[in-house]
Amino acid sequence: MLKRQGVLAIAGLIAIFSVLHVVFAPDTHDPRATGTTLLGGIAFLLMTCSIVLSTRAPVLEDWFGGLDRMYQTHRVIGVLAALFALVHFFGVPKELPAGIDPAQNPLVPSAPLGMLGLIFLVIGLFIALNRKIRYSLWRPTHKIMALVYILIVGHFFTAPQVFVVQFSPSGFLLLAAAGLGIVSLVYSIFGMNKRTAVPYTIEAVNTLERATEVVLKPTGPHLDFKPGQFAFVEIAGKGWSEPHPFTISSAPSDGHLKFTMKVLGDWTRKVREELQPGGHVNVRGPYGRFDATGAGDKQIWLAGGIGLTPFLSKIRAMQPGDKRQIHLVYAAREAQDAIFLDELKERAAQLGNVTLVPLFSDEGNFARVEMMKQKLPNPLKSYDYFMCGPKPMIEGLMKDLKAEGVPRRKIHTEAFEFR
Ligand SMILES: Cc1cc2nc3c(=O)[nH]c(=O)nc-3n(C[C@H](O)[C@H](O)[C@H](O)COP(=O)(O)OP(=O)(O)OC[C@H]3O[C@@H](n4cnc5c(N)ncnc54)[C@H](O)[C@@H]3O)c2cc1C
């Protein structure tokens with residue numbers, strides 16, 4: 001779930017900037033100049049926040065509710081920044097004040113830099129939001145946003161008499177943001193935002209129904225993680241390209257690290273077809289805040305297909321005597337697709353506090369609120385919900401649960417995508 005602290009921090013920053021900008025507007029500014037530079041400043045602050053989020057700092061994970069949420073916020077504020085920048089561009093006065101020699105145009109080089117920044121921003125956003133572009137191609141092209149930011153910083157620093165010369169408080173805020181943004185940009189572009197690599201060797205590659213389980217053995221210290229967290233998997237060797245994020249499906253106390261990977265595209269197919277025991281893997285993490293331990297005693301865990309992995313880790317880590325009453329709803333297309341179902345049944349019987357509810361859509365059983373109403377012993381409002389699965393399923397359930405009066409703060413979701 002997206003936590004409020006992060007969003008409130010961004011909103012607070014924008015509010016402070018807006019107040020400072022309006023209250024301490026230079027005498028030379030008319031309302032139009034104040035308004036349009038305000039919009040430009042907000043666009044710049046949003047871009048800065050978006051870049052700061054790409055540092056993947058653990059404290060930001062706490063504020064936003066995990067890296068997946070940070071990337072979702074990164075995307076939303078990137079789009080908002082572009083909208084503000086566009087309105088700024090169309091609104092800002094373009095004509096030279098009377099009596100100014102065009103050869104001495106004070107808008108050069110600020111205006112052309114801003115214009116270029118805006119053009120690249122629109123191109124970059126088009127690429128960023130285009131889901132048809134393959135991830136491996138999308139990732140390097142997304143770096144165009146670094147160029148956009150540098151151009152916009154140039155635009156701002158060379159803006160005539162707006163901030164630096166007038167020593168306006170909002171200008172100082174933007175200067176500080178630019179400093180933070182550039183440091184964050186360098187930090188992320190040069191890969192310093194990656195967590196330390198923990199080396200493993202591949203012990204087994206197990207073929208499951210439409211998925212592959214990769215079992216790793218540590219070559220040194222084991223990765224320290226909580227059930228439900230995920231990590232980036234980097235396979236050593238030619239042709240394995242970029243790191244891929246996967247939820248850890250083993251328990252922290254297990255001496256091994258296990259990932260259960262649904263076969264989806266080239267990389268996951270290669271894992272299934274070519275990965276061999278004995279190879280080397282670096283694991284970077286842990287990330288994510290999909291943690292059910294601090295929630296209420298009545299919990300619904302809802303897994304759709306491969307969305308089972310965080311719950312698999314949780315249930316493998318759980319000890320008998322756990323006070324929570326948990327209903328694990330496991331929705332799959334058919335019984336054959338429900339990997340680890342036998343293990344889940346066994347664990348549920350051992351633990352005593354977990355009720356397993358398998359649902360197979362080919363039998364006409366879907367994960368729906370009506371079904372929950374029938375099967376759950378208590379009113380829907382009394383549970384905390386943890387959900388992971390296909391986006392349409394999660395969005396539909398979230399909408400229906402809210403319509404049933406379940407507060408948003410009781411619904412926790414994990415997204416298996418960053419963009
Ligand atoms: C937080 C998180 C946890 C995840 N946990 C699991 C899990 O436990 N089990 C599981 O099967 N899948 C999980 N995934 C999804 C998994 O990362 C993708 O299915 C996998 O990377 C697809 O790679 P591909 O090249 O085979 O498929 P493609 O068809 O190339 O990609 C399918 C989609 O996966 C995403 N993707 C592809 N490559 C990357 C990458 N390098 N980095 C980030 N996203 C990428 C993109 O959104 C893309 O549209 C998780 C994803 C996230 C973000």
Side-chain angles (χ1 to χ4, degrees), residues 1-2 54 56 61 64-75 127-143 191 193-195 205-216 225-235 239-251 257-275 281-291 301 303-316 330 332 337-340 386-391 394 412-419:
M1 190 183 83
L2 182 63
S54 60
R56 302 180 180 174
E61 280 206 86
F64 286 86
L67 187 65
D68 50 329
R69 303 293 163 212
M70 279 163 67
Y71 277 125
Q72 284 169 6
T73 313
H74 167 89
R75 189 181 63 213
I127 295 172
L129 300 177
N130 192 337
R131 286 174 170 269
K132 288 196 184 132
I133 299 174
R134 283 177 52 200
Y135 195 87
S136 50
L137 203 72
W138 175 86
R139 220 166 90 108
T141 46
H142 191 53
K143 292 196 172 143
N193 59 350
K194 291 181 183 172
R195 303 259 157 98
V205 181
N206 302 323
T207 303
L208 310 169
E209 188 66 28
R210 289 185 209 158
T212 316
E213 183 187 53
V214 178
V215 183
L216 304 177
F225 69 96
K226 287 192 183 141
Q229 287 196 292
F230 68 93
F232 286 89
V233 175
E234 289 175 6
I235 298 177
W240 284 102
S241 65
E242 79 264 326
H244 284 246
F246 287 95
T247 302
I248 302 160
S249 53
S250 47
L257 209 57
K258 292 180 184 160
F259 294 98
T260 310
M261 306 174 176
K262 182 174 174 174
V263 181
L264 210 66
D266 293 348
W267 196 89
T268 41
R269 196 167 304 113
K270 199 167 149 77
V271 164
R272 189 181 182 84
E273 290 168 1
E274 296 178 23
L275 201 64
V281 170
N282 275 334
V283 177
R284 293 181 192 269
Y287 294 95
R289 297 290 185 270
F290 194 50
D291 185 9
W301 294 357
I306 197 64
L308 176 73
T309 51
F311 304 111
L312 204 52
S313 175
K314 289 177 198 298
I315 208 159
R316 283 171 168 168
Y330 183 13
D337 270 0
I339 48 175
F340 300 112
F386 290 83
M387 309 196 287
C388 183
K391 210 172 172 186
I394 301 300
H412 314 263
T413 60
E414 175 79 339
F416 270 9
E417 60 176 22
F418 288 146
R419 62 169 172 155

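Atom set for the values below is all heavy atoms of this structure, side chains included, hydrogens, waters and symmetry mates excluded. Both counts, for ligands and for their atoms, begin at 1 and track the order of listing.
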Identity of the nearest option to atom 12 (N) of ligand 1, non-hydrogen atoms only, from Phe246, Phe418, Tyr135:
Phe246
Check this for me - ligand 1, Thr247, N or O atoms closer than 3.5 angstrom, yes or no?
yes
Quick one: look at Asp266 and ligand 1, take heavy-atom pairs under 4.0 Å, and tell me if it's side chain, backbone, both or neither.
backbone
What's the spacing between Ile306 CD1 and Thr260 OG1 if we round to 0.5 Å?
6.0 Å
For atom 38 (N) of ligand 1, decide whether some protein heavy-atom distance is shorter than 4.0 Å.
yes
Per-atom filter on ligand 1: closer than 4.0 angstrom to a heavy atom of Trp267 are 24 (P), 25 (O), 26 (O)
Looking at atom 8 (O) of ligand 1, what's its closest protein heavy atom, distance included?
Thr309 OG1, 2.9 Å
Quick one: does any side-chain atom of Arg195 pair with a main-chain N or O of Arg284 as donor and acceptor, under 3.5 Å?
no
Would you check whether Arg134 reaches within less than 4.0 Å of ligand 1, judged by its heavy atoms?
no
Scan the protein's non-hydrogen atoms and note whether one is under 4.0 Å from atom 19 (O) of ligand 1.
yes
Please check: side-chain N/O of Arg210 versus main-chain N/O of Lys262, any donor-acceptor pairing under 3.5 Å?
no
Distance check, rounded to the nearest 0.5 Å: Leu312 atom CG versus Cys388 atom SG?
11.5 Å
Under 3.5 Å, is there a donor-acceptor pair linking the side chains of Gln72 and His74?
no
Glu61/Lys226 ion pair, N-O < 4.0 Å:
no
Nearest heavy-atom pair of Phe418 and Pro245: which atoms, and what distance?
CE1-CG, 3.7 Å
Nearest non-hydrogen protein atom, atom 11 (O) of ligand 1:
Lys262 N, 2.6 Å
Check: Asp68 side chain, Glu414 main-chain N or O, donor-acceptor pair, under 3.5 Å
no
Which option wins on minimum heavy-atom distance to atom 4 (C) of ligand 1: Phe259, Tyr287, Phe416?
Phe416
With a 4.5 Å limit on heavy-atom distance, are the side chains of Tyr71 and Arg56 in contact?
yes
Test ring pair (Phe, Tyr, Trp, His ring centres under 6.0 Å) applied to Phe290 and Phe230, Phe311, Phe416, the passing residue
Phe311
Check ligand 1 against Glu242 and write out every atom of the ligand that is under 4.0 Å from a heavy-atom position of the residue.
41 (N)
Which atoms of ligand 1 sit under 4.0 Å from any heavy atom of Phe230?
1 (C)
Below 4.0 Å, non-hydrogen atoms only: which portion of Ser136 touches ligand 1? Side chain, backbone, both or neither.
neither
Which heavy-atom pair separates Leu308 from Ile339 by the least distance, and what is that distance?
CD2-O, 3.6 Å
For Asp68, is at least one N or O under 3.5 Å away from an N or O on ligand 1?
no
Residue, atom and distance of the protein heavy atom nearest atom 34 (O) of ligand 1 read Leu264 CD2, 4.6 Å
How far is atom 41 (N) of ligand 1 from its nearest protein heavy atom, and which residue and atom name does that atom have?
Pro243 O, 2.8 Å
Mark whether atom 52 (C) of ligand 1 lies under 4.0 angstrom from at least one protein heavy atom.
yes
Roughly how far, to the nearest 0.5 Å, is the CD1 atom of Ile248 from the CZ atom of Phe259?
5.0 Å
Could you tell me if the side chain of Met261 sits less than 4.5 Å from the side chain of His244, heavy atoms only?
no
Find all atoms of ligand 1 within a distance of less than 4.0 Å from any non-hydrogen atom belonging to Met261, and give their numbers and elements.
11 (O)
How far is atom 29 (O) of ligand 1 from its nearest protein heavy atom, and which residue and atom is that?
Gly265 CA, 3.5 Å
Atom 22 (C) of ligand 1 - nearest protein heavy atom and its distance:
His244 ND1, 4.1 Å
Heavy atom under 4.0 Å from ligand 1: found in Thr260's side chain, backbone, both, or neither?
backbone
Heavy-atom closest contact (Ser313 atom, Pro227 atom, distance):
OG-CA, 3.3 Å
Looking only at protein heavy atoms, which one is nearest to atom 26 (O) of ligand 1, and what is the separation?
Thr268 OG1, 2.5 Å
Considering non-hydrogen atoms of the protein only, which is the closest contact for atom 17 (O) of ligand 1, and what is the distance?
Pro245 O, 2.7 Å
